[in-house]
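For reference, the structure is listed below as C-alpha cells.
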Amino acid sequence: MTNIPVLFRSTRTVRSLKAYMDSAFSEVLHTTLNPDGPGAIRVHLIPPKTEDHAFGPSVAIINGTDILPVNFIWAVILAELIRETNHYDGMQIDQTDIQKILDRTAGNVHRIIPVLSLKRIQKDIQTIYTTIRQIAYREEVTTKVQYMSIGDYAPFMRAPHRMDLMVSAMTKDGAWHCNQRCVHCYAAGQTLSGEEELSADDWKKILDRCRSAGIPQVTFTGGEPTMREDLIELIAHARWFISRLNTNGIRLTPDYCRKLREAELDSVQITFYSADPAVHNRLVGADRYEETFAGIQNALAQNLSVSINTPLCTLNREYEKTLELLHRLGVVYVTCSGLITTGSAATPASEALQLKKEEMEDILRRAVSFCHQNGMEIAFTSPGWLDGQVFEELNIPSPSCGACLSNMAVSPGGNVIPCQSWLSGQPLGNMLQDDWNRIWESAPCKERRAFSALMTGECPLRRYC
C-alpha cells in the first residue's frame with residue numbers, strides 16, 4: 001500500500017500493515033449506528049480504486065450523501081469500529097455496549113499500529129464517532145473535516161453511489177401495470193420500461209452484485225414498485241445498503257408501512273402533486289388523492305423517514321398551499337422538480353404544461369421562504385431549469401446531472417442505463433450477464449461520467465419548450 005505514512009516504514013511494520021490493508025480494504029465495509037432512531041446513521045468505508053489513491057486509503061460516505069476522504073489512521077480506526085459494531089448486528093445495545101465497542105476498537109487499532117499510544121487512539125476514536133454523528137444529524141461539526149464533491153471524486157470511483165432498481169415494469173402481460181397514468185410519467189412508452197420483470201431471485205442477485213461493486217445506496221422504483229407482491233422481501237435483502245423507496249403512496253397501508261420499517265427501509269419518497277384533490281387526480285390520471293394522502297399519514301405514523309416530491313407544472317403552481325398541508329401533517333423533507341422530457345413527459349399534452357423559467361424561479365423562491373420559516377428542508381432536483389446563481393441566493397444545493405457518476409439505474413429486465421429516465425437507446429450492459437468493471441469502464445459509461453463530473457447543471461435528456 002503506497003500510502004502508508006513514513007512514520008510506520010520500518011520493514012516489519014510495512015509488511016504487517018500491507019497485509020492488514022490487503023485484507024481489511026478488499027471490499028466496502030458498512031455499519032449502521034442507532035438503527036432504531038431517531039435517525040439511523042449509515043457509514044460506508046469505500047477502498048480506493050487503485051493503491052495510488054490521492055486522498056488516502058479510503059473515503060467514508062455518511063448516509064449516502066457526504067463524502068469524506070480519510071487518512072491512513074482514520075481508515076484503520078473506521079474499519080475496526082465498523083467490525084466491532086457489526087458484532088452487535090440485530091441486537092439492542094446500550095451505552096455500556098457502546099463503550100465496549102469503542103474500547104475493543106482501540107485495542108484492535110493499537111495492535112495493528114503499535115507505534116500509536118492507546119491514549120491517542122482513544123481520542124481519535126471519540127473524535128471520529130462524534131464527527132460522524134454531527135454530520136449525519138446536520139449539527140455543527142466541531143472537527144475540521146475535508147468534504148469532497150462528487151465531481152472531484154469521480155476519477156477514483158469504482159461504481160456510482162446509488163443504483164436505482166426499476167423492479168416494476170410499466171406493462172405486464174401486454175397490459176398497463178401501474179395504478180396510475182401520470183401525465184408526466186418519464187417511463188411510460190420508453191423501450192426498456194416495458195421489459196419483462198425479473199424474478200425476486202434475479203433481483204437479489206443484482207443486489208448482491210451491487211454490493212460486490214461497492215455501491216452503498218439503492219432505490220426501489222419503477223413504474224410503481226409496490227405493484228410487486230415481493231417488494232418487502234427485496235427491501236429486507238437490501239439491508240446492507242442505504243435503501244429508499246420511490247412510490248405514489250397508494251399501497252402504503254398501516255400494515256405495509258409497518259413491514260417496511262421492519263425490513264429496515266431507510267426512507268420513502270412519495271410523489272404528491274397538490275393539496276387540491278382535483279389537480280392531483282388530473283395529473284396522476286386516476287382518482288387516487290385520498291389513498292396517496294392516507295399513505296403519507298401512514299408512513300409518518302410508523303416513523304418512517306418520509307420525503308414528499310412534487311413535480312411542478314402550470315396546474316400545481318400553488319405549491320405553497322401543498323407545503324402548508326404537508327407542514328400540518330408533520331412532513332419535514334420535501335423536494336420539487338421540473339419535467340425531464342422523456343416518456344409521457346415528452347408528449348404535447350405534458351409539454352404544454354411546462355412552466356417558464358421565470359415562473360419556476362418565482363415558485364421556488366416562495367417555497368424556500370416558506371420552508372425556512374417553518375423548519376422544513378427543501379431541495380430542487382432538476383438540473384438545467386434555473387441558473388446556479390438562484391441556488392446560491394437561496395442557499396440550497398444546485399442540482400446537476402449524476403448519470404454514470406452519482407447514480408445509475410437497472411431496468412425491469414436487468415439492463416444497466418445511465419439514469420432511470422434513460423430508458424430508450426442502447427443499454428450499457430446487463431447486471432446479470434456482464435462483468436461490472438466492464439460496464440463501468442466502457443467507453444459510453446466513461447463518456448457520460450465525464451460529462452456529469454463537469455457539474456454543469458444541464459440535463460442531456462431535457463427538451464426546452
Note to self: Just checking R438: does its CZ atom have more than 12 heavy atoms from other residues, nucleotides or ligands closer to it than 6.0 angstrom?
What the structure shows: no

Check: In terms of side-chain geometry, is the basic nitrogen of R83 or E80 positioned less than 4.0 Å from the acidic oxygen of its partner?
Finding: yes

Notebook entry, point to check: Looking at CE of M148 and CD1 of I67, how far apart are the two atoms once the value is rounded to the nearest 0.5 Å?
Noted result: 7.5 Å

Item checked: Considering all heavy atoms, the nearest R448-C404 contact -> CG-SG, 3.6 Å

Notebook entry, point to check: Any Lys/Arg nitrogen of D208 or R211 sitting under 4.0 Å from an Asp/Glu carboxylate oxygen of the other?
Noted result: no

Checklist line | N246 versus T219, side-chain donor and acceptor atoms under 3.5 Å | finding: no

Note to self: Less than 4.0 angstrom from a charged side-chain N to a carboxylate O is my criterion; do K205 and D201 meet it?
What the structure shows: no

Item checked: Spacing of CG belonging to L192 relative to CD1 belonging to I417, to within rounding of 0.5 Å -> 6.0 Å

Checklist line | Ring-face cation of R158 near W440 (centre distance under 6.0 Å, axis angle within 45°) | finding: no

Item checked: Side-chain ion pair, K204 and E233, N-O less than 4.0 Å -> yes

Notebook entry, point to check: C445 versus M408: any side-chain heavy-atom pair under 4.5 Å?
Noted result: yes

Notebook entry, point to check: Between E197 and H177, does any side-chain donor sit less than 3.5 Å from a side-chain acceptor?
Noted result: yes

Check: Hey, are R317 and D362 close enough for a salt bridge, meaning a charged N less than 4.0 Å from a carboxylate O?
Finding: no

Notebook entry, point to check: Looking at S382 and G338, what are the two nearest heavy atoms and their distance?
Noted result: OG-N, 2.9 Å

Next item on the list: Name the orientation class of the two ring planes belonging to Y289 and H280 (parallel below 30°, tilted from 30 to 60°, perpendicular beyond 60°).
Entry: perpendicular

Next item on the list: Assess the side chains of Q269 and Y333: does a donor N or O sit below 3.5 Å from an acceptor N or O?
Entry: no

Checklist line | Pair E361 + R365, salt bridge at N-O below 4.0 Å | finding: yes

Check: Side-chain contact, heavy-atom cut-off 4.5 Å: N407 with C419?
Finding: yes

Checklist line | Salt-bridge contact E291-R251 (side-chain N to carboxylate O under 4.0 Å) | finding: no

Notebook entry, point to check: Which word best sums up how the rings of W240 and H30 line up, parallel for under 30°, tilted for 30 to 60°, or perpendicular for over 60°?
Noted result: tilted

Notebook entry, point to check: Is any side-chain N of the basic residue among D276 and R282 closer than 4.0 Å to the acidic one's carboxylate O?
Noted result: no

Margin query: Please check if the number of heavy atoms outside E196 that lie under 6.0 Å from its CD is greater than 12.
Written below: no

Check: Which class fits the ring pair F272 and F293: parallel under 30°, tilted 30 to 60°, perpendicular over 60°?
Finding: tilted

Check: Does the pair R244/D266 count as a salt bridge with the N-to-O cut at 4.0 Å?
Finding: no

Item checked: Side-chain donor-acceptor pair present, Q302, R261, cut-off under 3.5 Å -> yes

Notebook entry, point to check: Does one side chain, of T271 or N248, offer a donor that lies under 3.5 Å from an acceptor on the other?
Noted result: no

Notebook entry, point to check: Any side-chain donor paired with an acceptor under 3.5 Å for E318 and S274?
Noted result: no

Item checked: Over all atoms of both residues, closest heavy-atom pair of V167 and W203 -> CA-CZ2, 3.6 Å

Notebook entry, point to check: In Å, rounded to the nearest 0.5 Å, how long is the span from CG of N71 to CD of Q146?
Noted result: 10.5 Å

Checklist line | Distance in Å, I206 CD1 paired with I215 CD1, rounded so as to fall on 0.5 Å steps | finding: 11.0 Å

Note to self: Ignoring hydrogens and geometry beyond distance, is a side-chain donor-acceptor pair present between E224 and T247 at under 3.5 Å?
What the structure shows: yes

Checklist line | CA sep, side-chain torsions, deciding dist, call: T221, Q420, side-chain hydrogen bond (donor to acceptor under 3.5 Å, both in side chains) | finding: CA-CA 9 Å; T221 183; Q420 63 177 327; 3.2 Å; yes

